[in-house]
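In this text, all values refer to a predicted model and were calculated from it rather than measured experimentally. Residue numbers count from 1 along this sequence.
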Amino acid sequence: MKWTEIMVLSSGIAWTITYLALVYRGFKDKSYGMPLVPLALNIAWEVTFSLIYPPHTSGGLATVINTVWMIFDVGIVISLFMYGYKYFQNSYKISKSEWIMLIIVAFSASFGIMIVGGPFFGQFEPYFHKEIFEGAKFIAFIQNLVISVCFVLMYWQRQSSEGQSFTIAWSKWIGTSMTVGLSYLLVDHKGEDATLIFIIILVTFIFDTYYMRLIYNQLKKEGINPWTRL
């Protein structure tokens with residue numbers, strides 16, 4: 001197995017743990033663990049690049065991983081619809097119909113970005129090699145930075161571990177910057193100007209590390225063992 005494949009598989013396993021923990025904590029805590037915007041972007045990316053533009057050049061492994069993530073994301077979406085409104089009502093004083101409209105707009109915009117964005121970035125030579133999934137990778141790293149920032153904001157908003165866990169934090173940290181992030185910089189685009197993506201991955205790493213610290217300390221404060229909470 002090649003280095004790139006090992007990193008893709010490692011990222012796939014780490015993010016699958018993240019999704020499993022998000023689904024479990026969502027239903028266990030009667031909450032939802034992934035903020036709306038990242039959730040919309042995530043499921044749109046996974047549907048688009050599993051079913052509409054499958055990653056032909058990456059072999060079947062990436063398609064399988066994307067499909068598994070897509071299935072778990074459905075569980076997170078269900079938890080959002082079941083338990084999410086109370087957070088928006090408390091924070092923004094919006095009606096349930098406004099909340100539903102916000103979700104529709106977020107998901108519609110996310111699918112539009114993915115369906116158009118993959119081919120748009122993929123057309124550029126030489127960086128993306130005229131390959132749609134190379135454009136998808138670039139989108140995914142930007143998306144992961146958004147996810148990392150939103151997780152920190154969600155913690156600040158809730159000021160509790162509700163819907164969250166240290167398992168979610170460390171597995172997300174591994175699944176992005178420590179696996180496919182390193183592979184993208186050191187192997188996929190070695191010798192090319194990857195300054196922009198380096199900055200994106202670095203900032204993602206910083207926010208993920210900070211989020212781990214926040215959740216770890218919060219769980220200790222609540223008298224919960226961070227290492228045993230899924």
**Student:** Does the side chain of Lys30 come within less than 4.5 Å of Met82's, by heavy atoms?
**Tutor:** no

**Student:** Would you please name every residue forming a side chain to side chain donor-acceptor pair (under 3.5 Å) with Thr179, sequence neighbours left out?
**Tutor:** none

**Student:** Can you name the nearest heavy-atom pair linking Thr167 to Ala21, along with the distance?
**Tutor:** CG2-CB, 4.2 Å

**Student:** ring-ring contact (aromatic ring centres under 6.0 Å, His included) with Phe198: which residues, sequence neighbours excluded?
**Tutor:** none

**Student:** Once rounded to the nearest 0.5 Å, what's the spacing between atom CG of Asn66 and atom CZ of Phe49?
**Tutor:** 9.5 Å

**Student:** Suppose the criterion is salt bridge (Lys or Arg N to Asp or Glu O under 4.0 Å): which pairs have a residue in residues 76-100, not counting sequence neighbours?
**Tutor:** none

**Student:** Locate the shortest heavy-atom distance separating Ser165 from Leu230; write the atom from each residue and the value.
**Tutor:** OG-C, 3.3 Å

**Student:** Could you walk me through whether Phe81 and Ile103 pass the side chain to side chain contact (heavy atoms under 4.5 Å, CB included) test, one step at a time?
**Tutor:** CA-CA 9 Å; Phe81 276 100; Ile103 292 175; 3.8 Å; yes

**Student:** Hey, quick one: are Trp69 and Ile71 part of the same hydrophobic cluster, counting side-chain heavy atoms closer than 4.5 Å, chains of contacts allowed?
**Tutor:** no

**Student:** Any ion pair linking Lys2 and Glu5 (charged N to carboxylate O, less than 4.0 Å)?
**Tutor:** no

**Student:** Report the residues that fulfil salt bridge (Lys or Arg N to Asp or Glu O under 4.0 Å) with Asp29, sequence neighbours left out, ordered by chain and then residue number.
**Tutor:** Arg25, Arg229

**Student:** Is there a side-chain contact between Leu39 and Leu36 (heavy atoms, below 4.5 Å)?
**Tutor:** no

**Student:** Side chains of residues 107-114: which donor-acceptor pairs under 3.5 Å do they make with residues two or more places apart or in other chains?
**Tutor:**
unit_1, atom_1, unit_2, atom_2, d
Ser108, OG, Ile104, O, 2.7
Ser110, OG, Leu41, N, 3.4
Ser110, OG, Ala106, O, 2.8

**Student:** If every non-hydrogen atom of Phe166 is compared with every non-hydrogen atom of Ile215, which pair is closest and at what distance?
**Tutor:** N-CG2, 3.5 Å

**Student:** Locate the shortest heavy-atom distance separating Ala62 from Pro55; write the atom from each residue and the value.
**Tutor:** CB-CG, 3.6 Å

**Student:** Taking side chain to side chain contact (heavy atoms under 4.5 Å, CB included) as the test, write out the residues that go with Met101, two or more places apart.
**Tutor:** Val105

**Student:** With the side chain counted from C-beta on, respond yes when Leu219 and Gln164 share a heavy-atom pair under 4.5 Å apart, and no when they do not.
**Tutor:** no

**Student:** Hey, quick one: are Phe138 and Val116 part of the same hydrophobic cluster, counting side-chain heavy atoms closer than 4.5 Å, chains of contacts allowed?
**Tutor:** no

**Student:** Applying side chain to side chain donor-acceptor pair (under 3.5 Å), name anything that partners Thr67, two or more places apart in sequence or on another chain.
**Tutor:** none

**Student:** Could you list the residues that satisfy ring-ring contact (aromatic ring centres under 6.0 Å, His included) with Tyr85, not counting sequence neighbours?
**Tutor:** Trp99

**Student:** Test of understanding: clusters of I, L, V, M, F, W, Y form through side-chain heavy atoms closer than 4.5 Å, transitively. Do Ile52 and Ile65 belong to the same one?
**Tutor:** yes

**Student:** When rounded to the nearest 0.5 angstrom, what is the spacing between OG in Ser161 and CG in Asn217?
**Tutor:** 12.5 Å

**Student:** By side chain to side chain donor-acceptor pair (under 3.5 Å), which residues pair with Arg158, not counting sequence neighbours?
**Tutor:** Ser31

**Student:** So how far is it from Ile197 CD1 to Leu202 CG, rounded to the nearest 0.5 Å?
**Tutor:** 12.0 Å

**Student:** Answer yes if Met154 and Ile224 sit in the same cluster of Ile, Leu, Val, Met, Phe, Trp and Tyr residues linked by side chain heavy atoms under 4.5 Å apart, and no otherwise.
**Tutor:** yes

**Student:** Quick one, Tyr184 and Met7 - any side-chain contact, counting heavy atoms below 4.5 Å?
**Tutor:** no

**Student:** For residues Ser11 and Val180, report the shortest heavy-atom separation together with the two atoms involved.
**Tutor:** CB-CG1, 3.5 Å

**Student:** Taking Leu153 as the starting point, is it possible to reach Val203 by hopping between hydrophobic residues whose side chains are less than 4.5 Å apart?
**Tutor:** yes

**Student:** Roughly how far, to the nearest 0.5 Å, is CZ of Phe88 from CD1 of Ile94?
**Tutor:** 6.5 Å

**Student:** Kindly list each side-chain donor-acceptor pair under 3.5 angstrom involving residues 139-149, sequence neighbours excluded, with atom names and distances?
**Tutor:**
unit_1, atom_1, unit_2, atom_2, d
Gln143, NE2, Asn42, OD1, 2.6
Asn144, OD1, Thr176, OG1, 3.1
Asn144, ND2, Ala140, O, 2.9
Ser148, OG, Asn144, O, 2.9
Ser148, OG, Lys172, NZ, 2.7
Ser148, OG, Asp208, OD1, 2.7

**Student:** Where does the angle between the aromatic ring planes of Trp45 and Phe133 fall among parallel (under 30°), tilted (30 to 60°) and perpendicular (over 60°)?
**Tutor:** tilted

**Student:** To the closest 0.5 Å, what do you measure between CE (Met70) and OG1 (Thr48)?
**Tutor:** 10.0 Å

**Student:** So how far is it from Trp15 CH2 to Ser10 OG, rounded to the nearest 0.5 Å?
**Tutor:** 15.0 Å

**Student:** Grab the two heavy atoms, one from Pro54 and one from Thr63, that are nearest each other, plus how far apart they are.
**Tutor:** CB-OG1, 4.3 Å

**Student:** Quick check: do Phe151 and Met34 have side-chain heavy atoms less than 4.5 Å from each other?
**Tutor:** yes

**Student:** Please list, chain by chain and in numerical order, all residues satisfying ring-ring contact (aromatic ring centres under 6.0 Å, His included) with Tyr87, sequence neighbours excluded.
**Tutor:** Tyr32

**Student:** What residues form a side chain to side chain donor-acceptor pair (under 3.5 Å) with Gln218, not counting sequence neighbours?
**Tutor:** Tyr155, Glu222

**Student:** For the residue pair Ile76 and Phe72, establish whether any side-chain heavy-atom pair is separated by less than 4.5 Å.
**Tutor:** no

**Student:** Are Tyr19 and Val68 side-chain neighbours, meaning at least one heavy-atom pair lies under 4.5 Å?
**Tutor:** no

**Student:** Judged by atom type as modelled, is there a donor-acceptor pair below 3.5 Å linking the side chain of Thr228 to the main-chain atoms of Asn225?
**Tutor:** yes

**Student:** Please tell me if the side chains of Tyr216 and Trp170 come closer than 4.5 Å, counting only heavy atoms from C-beta onward.
**Tutor:** no

